[in-house]
Amino acid sequence: MSDAVLVVGGGIGGLRAALDLAHAGARVVLVENKATVGGKLAALLEEGRTALDLPEGAWLPTLEQVEASSQIEILTLSEVIALSGEPGEFAVTIRSRSRFVSDVCDHCSVCKQVCPVVRPNEYDAGLS
C-alpha cells in the first residue's frame, strides 16, 4: 500500500485526523491497540454525559462517519512494531492480535478449561 497515510491511535484525535485526511482524498490506515476505537471521550459520550467542557462549535467525529468512509481502513487490536524510512517514503510493520482463538470460534468456552492465563476484562472496570 504505497499511497496510504498511517494514523496511529484511534482516540478522538486519531479519528478526526483520519476523517480529515480521507476528506482530502488520502487513503488512511488507522491503527489502534485496543479492541475498539474512540478512546476515553467516546466512552463518556456513550454514557450520555453532556456536561463536557468542549469549546463552542467543537466537532467530534463519530464512529459512523469513520466506518462510512471507503478511504479509511481500521486495524484494531494492532500495534506498530517497526517503522523505517522518512516522511513520504516509509515502511511500517504492524502486528495484529486475534479477537478469538480461531476464526471458527463459536464461544463454547472449551478453551477456558485448558488456558493457563487469566487476563483482566478491560470492559468491566476490573470486576471480573
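Below, each value reflects all heavy atoms present in this structure, side chains not excepted, and no hydrogens, waters or symmetry copies.
Contacts of Ser69 classified as side chain to side chain donor-acceptor pair (under 3.5 Å), with partners at least two apart in sequence or in another chain: none. With sequence neighbours left out, Ser70 forms a side chain to side chain contact (heavy atoms under 4.5 Å, CB included) with no residue at all.
Between the side chain of Gln71 and the backbone N or O of Ala22 there is no donor-acceptor pair closer than 3.5 Å. Not a single donor-acceptor pair under 3.5 Å links the side chain of Arg16 to the backbone N or O of Gly11.
In the hydrophobic cluster analysis, where Ile, Leu, Val, Met, Phe, Trp and Tyr join through side-chain heavy atoms closer than 4.5 angstrom, Ile74 is grouped apart from Ile81.
The stretch residues 75-85 participates, sequence neighbours left out, in these salt bridge (charged side-chain N to carboxylate O under 4.0 Å, His left out) pairs: Glu79-Arg95.
At a threshold of 4.5 Å between non-hydrogen side-chain atoms, the residues Leu30 and Val37 count as touching. Residues Glu73 and Leu75 are in side-chain contact: their nearest non-hydrogen atoms beyond the backbone lie under 4.5 Å apart. Residues Val5 and Val29 fail the side-chain proximity criterion, which asks for heavy atoms closer than 4.5 Å. No side-chain heavy atom of Thr76 sits less than 4.5 Å from a side-chain heavy atom of Ser78.
To the nearest 0.5 Å, atom CZ of residue Arg27 and atom CG of residue Leu21 are 13.0 Å apart. Summarising the geometry, atom CG belonging to Asn33 is positioned 12.5 Å from atom CD1 belonging to Ile94; distances are rounded to the nearest 0.5 Å.
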